[in-house]
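Since this is a predicted model, take the numbers as computed values, not measurements. Every chain is numbered from 1 and lettered A, B, ... according to where its sequence line falls, protein lines coming before strand lines.
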Number of protein chains: 2
Amino acid sequence: MIEFESISEVKKCPKQYVLAINDTLNVISGKWKLPILASILYGNHRYKDIQSNIEKITPRMLSKELKELELNGVITRNVYDSTPVRIEYRMTESGEKILSVLDVMIEWGLAHRKATLENS
Amino acid sequence: MIEFESISEVKKCPKQYVLAINDTLNVISGKWKLPILASILYGNHRYKDIQSNIEKITPRMLSKELKELELNGVITRNVYDSTPVRIEYRMTESGEKILSVLDVMIEWGLAHRKATLENS
DNA sequence: TTTATCACTATACTTTTGTATAGTATAGAT
DNA sequence: ATCTATACTATACAAAAGTATAGTGATAAA
């Protein structure tokens, strides 16, 4: 069951594809999105954990980005009513799969660096 | 010959990977990079062709982005000294392979949309 | 009672990114 | 001499993204 055709095999990029690419870009672009996702993936789930893991991020940016990531369905925000209240951010199932995108980005980036150095 | 390990199998993201991801992001993020690359890929090679293909882009943005893409080794700028001078922009070999990144971005984007709609 | 922690919010500001509009240099055609 | 085309550049401006710094409210510990 073929889910979609590679854009290299398509005459003109369909609107669905454009939307899909934009959705993906929204999740990974900007200065802090990837550091935050990486931090959560590597085991930091609470606000303070993430903040001290990414030293240079300001609280404003951290909460802004967390909100956006939640809105985009990449992470969940879970409130535990202990005292003091504990809040945990975790990747959604779909969110975790973003790693497959990062993998090809790494692959292309490494290969491109190599190719560019060779021709210079 | 294994070229790299998936970041999901690695304890901490190596600096090389971070650089590779940033290289890739630099090539695809911003308002006009992908439209320009798509335009070239679909057969528009001259400044005016690309400009009229992307109606809303201003000449400033087009030349700025073309310069950056050239600098990043994704496209080449070829000058033919006919009169009037003809200039052609073309994808580099390495640049064309960015399609593999777009493919997984489309794949993730479509699947994520589906998953997000189902859980709402 | 003062101090500390958690998870933020508020306000003002700077930097980066993108827009609007006009102009340039070279050359050929009329 | 004027008009057109190509491939841009220059200047000023607006909008978006990110930074700096201080403060909030609830609770608990010393």
Side-chain angles (χ1 to χ4, degrees), chain A residues 18 21-40 42-72 74-91, chain B residues 18 21-40 42-72 74-91:
Chain A
V18 173
I21 290 173
N22 277 332
D23 285 357
T24 309
L25 273 176
N26 281 336
V27 166
I28 58 177
S29 61
K31 188 169 180 182
W32 300 113
K33 296 263 169 61
L34 284 179
I36 292 169
L37 293 180
S39 189
I40 296 173
Y42 285 112
N44 301 291
H45 299 291
R46 300 179 61 180
Y47 189 93
K48 277 279 160 185
D49 294 342
I50 302 169
Q51 189 178 268
S52 47
N53 185 231
I54 310 184
E55 324 132 359
K56 298 197 177 167
I57 199 169
T58 61
R60 184 186 191 277
M61 275 296 119
L62 182 52
S63 62
K64 195 173 150 284
E65 301 289 58
L66 286 170
K67 256 172 215 160
E68 255 191 85
L69 290 169
E70 198 199 350
L71 205 82
N72 288 334
V74 183
I75 62 174
T76 53
R77 181 181 188 270
N78 308 295
V79 182
Y80 300 93
D81 63 346
S82 52
T83 50
V85 64
R86 210 174 82 243
I87 289 164
E88 285 192 0
Y89 296 94
R90 285 180 184 273
M91 302 297 285
Chain B
V18 173
I21 290 173
N22 277 333
D23 285 358
T24 310
L25 273 176
N26 282 336
V27 166
I28 58 177
S29 60
K31 187 169 180 184
W32 300 113
K33 296 263 169 60
L34 284 180
I36 291 169
L37 293 180
S39 188
I40 296 173
Y42 285 112
N44 301 291
H45 300 290
R46 301 179 61 179
Y47 189 93
K48 279 277 161 187
D49 294 342
I50 301 168
Q51 188 177 278
S52 46
N53 186 231
I54 311 183
E55 324 132 0
K56 297 197 177 166
I57 199 170
T58 60
R60 185 185 191 277
M61 276 296 120
L62 182 51
S63 62
K64 197 171 149 284
E65 301 290 58
L66 286 170
K67 256 173 216 161
E68 255 190 84
L69 291 168
E70 198 198 349
L71 206 80
N72 287 334
V74 182
I75 62 173
T76 53
R77 180 181 189 271
N78 308 295
V79 182
Y80 299 94
D81 63 345
S82 51
T83 49
V85 64
R86 209 173 84 241
I87 289 165
E88 285 192 0
Y89 296 95
R90 286 179 184 274
M91 302 297 287

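When the C1' atom of D:dA15 is taken as reference, atom CH2 of B:Trp32 falls 15 Å away, rounded to whole Å. Spacing between atom CD1 of B:Ile54 and atom P of C:dG18 amounts to 13 Å, rounded to whole angstrom units. The separation between A:Ile57 atom CD1 and D:dT19 atom C1' is 11 Å, rounded to whole Å. Atom CD in B:Glu88 sits roughly 17 Å away from atom C1' in D:dC8 (whole-Å rounding). Put simply, CG on B:Leu34 is 12 Å from P on C:dG18, counting in whole angstrom units. C:dA7 atom C1' lies 14 Å from atom CD of A:Glu70, rounded to whole Å. Rounded to whole Å, atom P of C:dC8 lies 12 Å from atom CD1 of A:Ile36. Atom CZ in B:Arg86 sits roughly 9 Å away from atom P in D:dA7 (whole-Å rounding).
Contact between the side-chain N/O atoms of B:Arg46 and the OP1/OP2 oxygens of D:dA7 is found at a separation under 4.0 Å. An OP1 or OP2 oxygen of C:dT9 is reached within less than 4.0 angstrom by a side-chain nitrogen or oxygen of A:Lys67. Dashed line: the shortest gap from a side-chain N or O of B:Arg77 to OP1 or OP2 of D:dC8 is under 4.0 Å. Contact annotation: A:Lys31 side-chain N/O to D:dT19 OP1/OP2 distance is under 4.0 Å. Phosphate contact (OP1/OP2 of C:dT19, side-chain N/O of B:Lys56, threshold under 4.0 Å): absent.
Using a 4.0 Å heavy-atom criterion, one finds that B:Tyr80 contacts no nucleic acid atom at all.
Taking CG from B:Leu66 and CD1 from B:Ile87, the interatomic distance works out to 10.5 Å, rounded to the nearest 0.5 Å. Remark: B:Asn53 CG to B:Arg46 CZ distance equals 14.5 Å, nearest 0.5 Å. Rounding to the nearest 0.5 angstrom, the gap separating the CG atom in B:Leu34 from the CD atom in B:Glu65 is 10.5 Å.
Ionic pairing of A:Glu68 and A:Lys33 is present here: one or more N-O contacts between side-chain nitrogen and carboxylate oxygen are shorter than 4.0 angstrom.
Map B:Val85 and A:Pro84 each onto its nearest nucleotide of DNA chain D; the residue landing nearer the 5' end is B:Val85.
Residues from residues 58-66 of chain A with heavy atoms under 4.0 angstrom of DNA chain C, sorted by number: A:Pro59, A:Arg60, A:Ser63.
Between the side chain of A:Tyr47 and the main chain of A:Pro59, a donor-acceptor pair closer than 3.5 Å is present. With hydrogens and angles disregarded, no donor-acceptor distance shorter than 3.5 Å links the side chain of A:Asn72 to the backbone of A:Val27.
Here C:dC6 is the nucleotide among D:dA7, D:dG18, C:dC6 with the atom lying nearest to any side-chain atom of A:Lys48. The nucleotide whose nearest atom lies closest to any side-chain atom of A:Tyr47 is, among D:dC8, D:dT6, C:dC8, C:dC8.
For the pair B:Lys56/B:Trp32, a side-chain contact is recorded, criterion being any heavy-atom separation below 4.5 Å from C-beta on.
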